[in-house]
Amino acid sequence: FPWGTWIINLVGGLLMGILVGALSGGPVGTAPLRQGIVDMYRDDYGLERSIDDVMVTTSGCHAMWLVMETLLDDGDEVLVIEPYFTPYPHQVRLARGVPVFVPTRKENGFQVTREDLEAAITPRTRALIVNTPCNPTGVSWSRAALETVAEVAKEHDLVVIADDIYTSFTYTEPFVPFTSLPGMGERTITVGSFSKDFMMTGWRVGWIMAPAEFVSTARDVNENNVFTAPSVSQRAALHALERRHELQPPVKELYRRRLERAYERVRALANMDALAPQGAIYLWADIRATLVATALAVPAVLAGGGPLAVA
């Protein structure tokens, strides 16, 4: 990370916020930060939202738990698309929901299909989680895949939970907020975070953007949970948000170069493969051929009585 100037500016902005008196804003967060998030969606994506649609949370993971706790009744099912960020099923279960897993495949670039989605839907299905660019595959879903999910959600009356954590790390096509798709603003709950896009993992600040009625209910849940994100972290997040256009491009380029190098190295190895980097900060290596080679070699080694090394 190009930490030097960024950290100096961040701490300077934070200290100024303390001097002028940074308030917590209660269970929904400070008005300046919430308005800054609204302005970002308008300026970067052409989305018009109200400040009442936004609440600040104590990290993206806390936001996801709040969404589950607010949305789900006991036994409600949530579709989790594989491969997935490992906390998802646990966050569903913490809210007494049931995770249902939907497969994707390397052969079609880990793009979710209508057939796989509909095969997983039952009368208890309440929602599905969308994460693009994806942790852990590094895949950015195509516009066609996003529109397929939107169509299925509308047809089956599902809520889409868009876990938008790596929005600035897109290398092949611009990021599209799921909530911006036609007809999806009222049935999409967006989870955002300052951790990756703004390199503020330790500050623990995120947000929820959803219809105001949902935010109002999530506020009541949060009031009895952590109450509010730390005021100093919210002030630092606003400082970062206001300077995102100078902060994000060099970091995005740094990770793009790292991923390209890792991709080249993996592709050069025998029996290993990977998809070309599309987004996020991850490279999902395919090691299935190495497992096949190992499965064939081990019996032969054992039968011959020779030495066997296991790493």
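Side-chain atoms of S50 and D53 include no donor-acceptor pair closer than 3.5 Å. Between the side chains of H239 and R235, no donor-acceptor pair is found at a separation under 3.5 Å.
When atom types are taken as modelled, the side chain of T104 and the backbone of Q111 share no donor-acceptor pair closer than 3.5 angstrom. Remark: the backbone N or O of P99 is not paired with any side-chain donor or acceptor of E77 at under 3.5 angstrom. The backbone N or O of C134 sits nowhere less than 3.5 Å from a side-chain atom of T132 that would complete a donor-acceptor pair.
Applying the salt bridge (charged side-chain N to carboxylate O under 4.0 Å, His left out) test to every pair with at least one member in residues 214-225, sequence neighbours left out, gives these pairs: R219-E223. Sorted by first and then second residue, the salt bridge (charged side-chain N to carboxylate O under 4.0 Å, His left out) pairs involving residues 163-190 (not counting sequence neighbours) are D157-R187.
Under the 4.5 Å side-chain criterion, counting only non-hydrogen atoms from C-beta, L241 is in contact with F194. With a 4.5 Å cut-off on side-chain heavy atoms, F227 and T58 do not count as touching. A 4.5 Å side-chain heavy-atom check between I121 and L158 finds at least one atom pair inside the cut-off. For the pair L275/V139, a side-chain contact is recorded, criterion being any heavy-atom separation below 4.5 Å from C-beta on. Counting heavy atoms from C-beta outward, C61 and Q91 have side chains that approach closer than 4.5 Å. In this structure the side chain of V112 reaches within 4.5 angstrom of the side chain of L117, judged on heavy atoms. With a 4.5 Å cut-off on side-chain heavy atoms, L283 and R258 do not count as touching. Counting only heavy atoms from C-beta outward, the side chains of R256 and Y171 approach each other to under 4.5 Å.
Partners of V215 under the side-chain contact (heavy atoms from CB on, under 4.5 Å) rule, at least two apart in sequence or in another chain, are M55, A210. Contacts of T170 classified as side chain to side chain donor-acceptor pair (under 3.5 Å), with partners at least two apart in sequence or in another chain: none. In this view, D197 satisfies the salt bridge (Lys or Arg N to Asp or Glu O under 4.0 Å) rule with no residue, not counting sequence neighbours. The side-chain contact (heavy atoms from CB on, under 4.5 Å) test applied to T188 returns V160, A162, F178, T179, M184, T190, not counting sequence neighbours. Among residues two or more places apart in sequence or in another chain, the side-chain contact (heavy atoms from CB on, under 4.5 Å) test is passed with E82 by Y84, F101, P103. Partners of R204 by salt bridge (Lys or Arg N to Asp or Glu O under 4.0 Å), not counting sequence neighbours: none found. Judged as a side chain to side chain donor-acceptor pair (under 3.5 Å), and not counting sequence neighbours, Q248 has no contacts. E155 pairs by the side chain to side chain donor-acceptor pair (under 3.5 Å) definition with R114, not counting sequence neighbours. Listed by chain and residue number, Y166 satisfy the ring pair (Phe, Tyr, Trp, His ring centres under 6.0 Å) test with Y282 (two or more places apart in sequence, or in another chain).
A127 and I161 get closest at one heavy-atom pair: CB-CD1, 4.0 Å. The shortest heavy-atom contact between T228 and Q234 is OG1-NE2, 3.6 Å. Minimum interatomic distance between V54 and R34 (heavy atoms only, all atoms of both residues): O-NE, 2.9 Å.
In this structure, S168 OG and K252 NZ are separated by 7.5 Å, a value rounded to the nearest 0.5 Å. Atom CG of residue D116 and atom CG of residue N108 lie 8.5 Å apart, to the nearest 0.5 angstrom.
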Walk me through whether D273 and K106 qualify under salt bridge (Lys or Arg N to Asp or Glu O under 4.0 Å).
CA-CA 10 Å; D273 195 13; K106 180 194 171 188; 2.7 Å; yes

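Paired with Y263 under the rule side chain to side chain donor-acceptor pair (under 3.5 Å), one option of E260, R267, R265 passes, and it is R267.
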Side-chain donor-acceptor contacts of residues 36-44 below 3.5 Å, not counting sequence neighbours, with atom names and distances?
from, atom 1, to, atom 2, distance (Å)
D39, OD1, Q35, NE2, 2.9
D39, OD1, R42, NH1, 3.0
Y41, OH, W207, NE1, 3.4
D44, OD1, R244, NH2, 3.2
D44, OD2, R244, NE, 2.9

